[in-house]
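Reminder, nothing fancy here: chain letters follow the sequence lines and each chain counts from 1. Here the structure is a predicted model, which means the values were calculated and not measured. In what follows, every heavy atom counts, from backbone to side chain, and hydrogens, waters and symmetry copies are set aside.
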2 protein chains.
Amino acid sequence: MADQKIRVGLVEDQLLFRQGLKAILANLPNVEVMFESADGYSVVDKLTACPELPHVLLVDLSLPPNGKTEYNGMQLTNDITLRFPDIKVMILSVHNDDSLIAQLIQYGAAGYLVKDCNPQEVYDAIQSVHTKGSYINEQSLKAIQNNLGKRHKPKALMASLNLTKREVEILQLICQQNTTEEIAEKLFISAKTVDGHRNNLLQKTGSRNTVGLVLFAVSQNLLLK
Amino acid sequence: MADQKIRVGLVEDQLLFRQGLKAILANLPNVEVMFESADGYSVVDKLTACPELPHVLLVDLSLPPNGKTEYNGMQLTNDITLRFPDIKVMILSVHNDDSLIAQLIQYGAAGYLVKDCNPQEVYDAIQSVHTKGSYINEQSLKAIQNNLGKRHKPKALMASLNLTKREVEILQLICQQNTTEEIAEKLFISAKTVDGHRNNLLQKTGSRNTVGLVLFAVSQNLLLK
DNA sequence: TAAAAAACAGGTAAAAACCCCTGCTTTTAC
DNA sequence: GTAAAAGCAGGGGTTTTTACCTGTTTTTTA
């Protein structure tokens, strides 16, 4: 198992970059490049035809469009991880966009590398993705932290607002697109009372209108699914 | 630099576990345990008094309360990472709760380990956190992926709805708590026109009212920050 | 170039927002 | 243990905003 080579696939449109990467990886003792593609469209087909699937797929984030429709590394990542859950997708990109990184992780990417990293880092990443299941470096972690829900200290905020149970209850019903009267019926109280609670909510949350209430509820994870 | 020892701090209430961990780490050549605490309350004070800050802080997630108030590893992580950004906080926990892991990462934790891992993994984690800035293993990555919003192909949904640019623009302004008239002023069009767009949005998204529009925008990540 | 889609706009009724207010019950604090 | 505070329920009325309908003009696109 430890001596078995890590099967690596490359998805990268620039021929030179792809060849260079292949050359670098060829020098590594326990890595074998056994798959490559210049665009995203044919990858799934090629993989289904493979006798052995690659362990790790290095995917360029900016893949070329096919005529009109675009099929970039993000979409490919999503499709690959859904159809081949065992393949670890490692994104290569020139950019370093936080929200993009977070989204890629969300779409199932196992790691993210900028293209100007050194070869050793590529090797570490492949190794880490294969053995640990992921390769998250500091910048990726920061990206994740910045995009892992925007709620900073929800408990503190909630506590300071001091919403009552009834208010939370009504807020949740508002967020389910109920009108004031519908809420009143469901809670067996007067519509006027609901209106009063709604106004308290507006005041307590500092909202201008229902939109603000919904955004608040979302930020505080108060939504019932 | 490479020969310099990694300074490690322990925050763990169980004496036996803390001592055991210290003994394990003492065997490692490039690790030095130079700080320890049995609860969360005194950590910040102790750290400010330190001549040299630890590189890595191993923190037990379930720290004991002080009388009435609770101060657990989550809160400690939040405080430490805010006040000492250079210290990498590594969480130790018996549980393996996805949403908890994600929240900890969000609060600034650099890694998460379950307590029944083997000593080698602790060493790897410390090493990784110190050199790479983070240690995210497969279960942590899964936790992150599960908590980075829901994974249901926003683009596909968006495409099928076919919102126009103008509609998206107006939806975003609605989500900023603007009234129809304010939006009209900002876009130099009639309020009636904005209203028309709003109605198209209601129809296209299948919403009953503005609340539905906001929830849709949130689900599609259409909010401008 | 014809059809489709988008942008625009007016009228009307319903709902929400925003004020004012009175009681009653429960919780909290001194 | 009593007083104060907070939560809850209810009411009246006005103004603003939204929801829903209709239609026309402009822009896209097949």
Side-chain angles (χ1 to χ4, degrees), chain A residues 65-70 156-218 220 222-223, chain B residues 67-69 157-218 220 222-223:
Chain A
N66 178 10
K68 297 173 68 175
T69 54
E70 200 188 328
L157 185 54
M158 273 297 283
S160 71
L161 289 179
N162 246 333
L163 295 193
T164 68
K165 275 187 190 173
R166 201 56 157 178
E167 283 165 350
V168 171
E169 196 177 359
I170 281 164
L171 177 55
Q172 289 172 332
L173 286 168
I174 289 173
C175 290
Q176 285 167 6
Q177 302 192 53
N178 292 295
T179 66
T180 301
E181 277 194 29
E182 287 168 346
I183 296 171
E185 279 172 30
K186 286 183 182 171
L187 299 181
F188 304 106
I189 55 178
S190 151
K192 271 298 184 182
T193 304
V194 177
D195 192 49
H197 286 303
R198 180 198 292 268
N199 283 322
N200 287 338
L201 283 165
L202 287 171
Q203 209 192 327
K204 284 187 181 178
T205 62
S207 304
R208 295 184 63 189
N209 49 38
T210 311
V211 172
L213 293 184
V214 177
L215 293 176
F216 171 79
V218 170
Q220 301 297 323
L222 255 36
L223 299 187
Chain B
K68 295 171 70 176
T69 54
L157 186 53
M158 274 295 284
S160 70
L161 289 179
N162 244 334
L163 296 192
T164 69
K165 275 186 191 175
R166 201 58 155 175
E167 284 165 348
V168 172
E169 197 178 359
I170 281 163
L171 177 55
Q172 289 173 331
L173 287 169
I174 289 173
C175 290
Q176 285 167 3
Q177 302 192 51
N178 292 295
T179 66
T180 302
E181 272 194 36
E182 286 168 346
I183 296 171
E185 280 172 30
K186 285 183 183 172
L187 299 182
F188 306 104
I189 55 178
S190 150
K192 278 294 159 192
T193 304
V194 176
D195 193 51
H197 288 302
R198 177 198 294 268
N199 286 321
N200 287 336
L201 283 166
L202 287 173
Q203 209 194 325
K204 284 188 180 177
T205 63
S207 304
R208 295 185 63 189
N209 49 37
T210 310
V211 172
L213 293 184
V214 176
L215 293 176
F216 171 79
V218 170
Q220 300 298 321
L222 253 36
L223 299 186

### Message
Please confirm whether the shortest side-chain N or O distance from B:Ser190 to OP1 or OP2 of C:dC8 is below 4.0 Å.
### Response
no
### Query
For B:Thr193 and C:dA9, is the shortest distance between a side-chain N/O and OP1 or OP2 below 4.0 Å?
yes
### Task
With the side chain of B:Glu167 defined as its heavy atoms from C-beta on, choose the nearest nucleotide among C:dA7, C:dA16, D:dT17.
C:dA7
### Task
Measure the shortest side-chain to side-chain distance between A:Ile189 and A:Arg166 over non-hydrogen atoms and say whether it is less than 4.5 angstrom.
yes
### Task
Assess whether one donor atom and one acceptor atom, taken from the side chain of A:Lys165 and the base of C:dT26, lie less than 3.5 Å apart.
no
### Message
Checking contacts here: which listed nucleotide (D:dA19, D:dT18, D:dA9) is nearest the side-chain heavy atoms of A:Ile189?
### Response
D:dA9
### Task
Kindly say if A:Arg208 contacts the phosphate of C:dA17, meaning a side-chain N or O under 4.0 Å from OP1 or OP2.
no
### Message
So, OP1 or OP2 of C:dA16: does either fall under 4.0 Å of a side-chain N or O from A:Thr180?
### Response
yes
### Summary
Of the listed D:dA19, C:dC18, C:dA15, the closest approach to the A:Thr179 side chain comes from C:dA15
### Message
Nearest heavy atom decides the nucleotide; on that basis, is A:Asn178 or B:Arg166 closer to the 5' end of DNA chain C?
### Response
B:Arg166
### Query
If you check every side-chain atom of A:Lys204, which of D:dG7, D:dG10, D:dC8 has the closest atom?
D:dG7
## Note on the structure
Between CD1 of B:Ile170 and C1' of C:dC8 the distance, given in whole Å, is 10 Å
### Task
Give the nucleotide from the list D:dG10, C:dA7, D:dA19 with an atom nearest to the side chain of B:His197.
C:dA7
### Task
Please determine, for the side chain of B:Asn199, which listed nucleotide (C:dA16, D:dT17, D:dA19) has the closest atom?
D:dA19
### Closest nucleotide among C:dA17, D:dT18, C:dC8 to the B:Thr210 side chain
D:dT18
### Task
For A:Arg208 and B:Thr179, test the side chains for any donor-to-acceptor distance below 3.5 angstrom and give the result as yes or no.
no
### Query
Can you find a donor-acceptor N/O pair under 3.5 angstrom joining the side chain of A:Lys192 to the base of D:dG13?
yes
### Query
Would you say the base of C:dC18 and the side-chain of A:Asp195 have a donor-acceptor pair closer than 3.5 Å?
yes
